[in-house]
Amino acid sequence: DAGVIQSPRHEVTEMGQEVTLRCKPISGHNSLFWYRQTMMRGLELLIYFNNNVPIDDSGMPEDRFSAKMPNASFSTLKIQPSEPRDSAVYFCASSLGGLAGTDTQYFGPGTRLTVL
Amino acid sequence: AQSVSQHNHHVILSEAASLELGCNYSYGGTVNLFWYVQYPGQHLQLLLKYFSGDPLVKGIKGFEAEFIKSKFSFNLRKPSVQWSDTAEYFCAATAPNGGSQGNLIFGKGTKLSVKP
């Protein structure tokens, strides 16, 4: 298996532009997570899905952020409009999503976003 | 608020020194605990996890961690570090609502630098 795939790996954009980050989870995994990593705040959970349904989006910073999972093999995280403070590394992770909460999360390589 | 605390922001050791990285979580009840590692330029990967049984858990690359329920702790240890252990280490715990889909709360991470 190729693991969790994220694209693009690097994104540089200007303030006010729309940014879309993409993630393909590991086949057969039922849970998908979006995280943001910054020096100041560390690794923060933004939103997670189980069986394509958003379960908890309380970590999404504001209405400029939205996430979708139209099917089991694809998810997007969109920022519109983007701001310089959104600059961070965004990770996607997936897990089997079993009820016991013991499953390992497998992380993608991340998207390094720079908003100028 | 529920949180996971890692005591050290940056640890610097010489090769062959022993390592212990602290981790505490702030809530009671059943939790599953994880240590992830992020090598320079790479994505997070699982070192080890605990969810039941023997509180001393052995992971990859000679790492181990001990769950002490009374102290709400899950410290990571390695008897003799190598230069290749230079990385950032993240402790994580399932959310206190049971985390049935495996959503995790991460600590802020500890950077380990091993001098050759």
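So that the names make sense, note that chain A is the first sequence line, chain B the second, and so on, each numbered from 1.
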Taking A:Q105's backbone N and O only, do any of them form a donor-acceptor pair with B:Y36's side chain (distance below 3.5 Å, no angle check)?
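Yes, B:Y36 side chain to A:Q105 backbone: donor-acceptor pair under 3.5 Å.
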
Tell me whether the count of non-hydrogen atoms from other residues, nucleotides or ligands lying under 6.0 Å of [atom1] in [X] goes above 12.
{"X": "B:E15", "atom1": "CD", "answer": "yes"}
{"X": "B:H9", "atom1": "NE2", "answer": "no"}
{"X": "B:K49", "atom1": "NZ", "answer": "yes"}
{"X": "A:D63", "atom1": "CG", "answer": "no"}

Which atoms of A:L43 approach chain B - backbone, side chain, both or neither, heavy atom under 4.5 Å:
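A:L43 touches chain B through backbone and side-chain heavy atoms alike.
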
Which answer fits A:R112, side chain, backbone, both or neither, if we ask what part of it has an atom under 4.5 Å from a heavy atom of chain B?
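Contact with chain B: none, neither part.
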
Which pair of heavy atoms, one from A:M40 and one from B:K108, lies closest together, and at what distance?
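Result for this residue pair: O-CE, 3.8 Å.
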
For B:L104 against A:Y35, the heavy-atom pair lying closest together
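Smallest heavy-atom distance, with atoms named: CB-OH, 4.2 Å.
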
Mind checking what makes side-chain contact (heavy atoms from CB on, under 4.5 Å) contact with B:N8, not counting sequence neighbours?
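Here the qualifying residues are B:V11, B:T110.
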
Would you mind telling me which of B:L46, B:L44, B:L33 has the largest number of heavy-atom pairs within less than 4.5 Å of chain A?
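Ranked by contacts with chain A, first place is B:L44.
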
Mind listing the side-chain donor-acceptor pairs of residues 84-92 of chain A below 3.5 Å, one per line with the distance, residues two or more places apart or on another chain?
| unit_1 | atom_1 | unit_2 | atom_2 | d |
| --- | --- | --- | --- | --- |
| A:R85 | NE | A:E83 | OE1 | 2.6 |
| A:R85 | NH1 | A:E62 | OE2 | 3.3 |
| A:R85 | NH2 | A:E62 | OE1 | 3.3 |
| A:R85 | NH2 | A:E62 | OE2 | 3.3 |
| A:R85 | NH2 | A:E83 | OE1 | 3.0 |
| A:D86 | OD1 | A:R64 | NH2 | 2.9 |
| A:D86 | OD2 | A:R64 | NH1 | 2.7 |
| A:D86 | OD2 | A:R64 | NH2 | 3.4 |
| A:D86 | OD2 | A:E83 | N | 2.8 |
| A:S87 | OG | A:P84 | O | 2.9 |
| A:S87 | OG | A:V115 | N | 2.9 |
| A:Y90 | OH | A:D86 | O | 2.6 |

Is there a chain of hydrophobic side chains (I, L, V, M, F, W, Y, each step under 4.5 Å between heavy atoms) that links B:L47 to B:L56?
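Shared cluster, no.
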
Do B:Q38 and A:Q37 touch side chain to side chain, with heavy atoms closer than 4.5 Å?
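Result yes, sub-4.5 Å side-chain heavy-atom pair found.
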
What distance do B:F51 atom CZ and A:D103 atom CG have between them, rounded to the nearest 0.5 Å?
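The distance works out to 9.0 Å.
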
Region of B:Y50 that comes under 4.5 Å of a non-hydrogen atom in chain A
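Neither part.
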
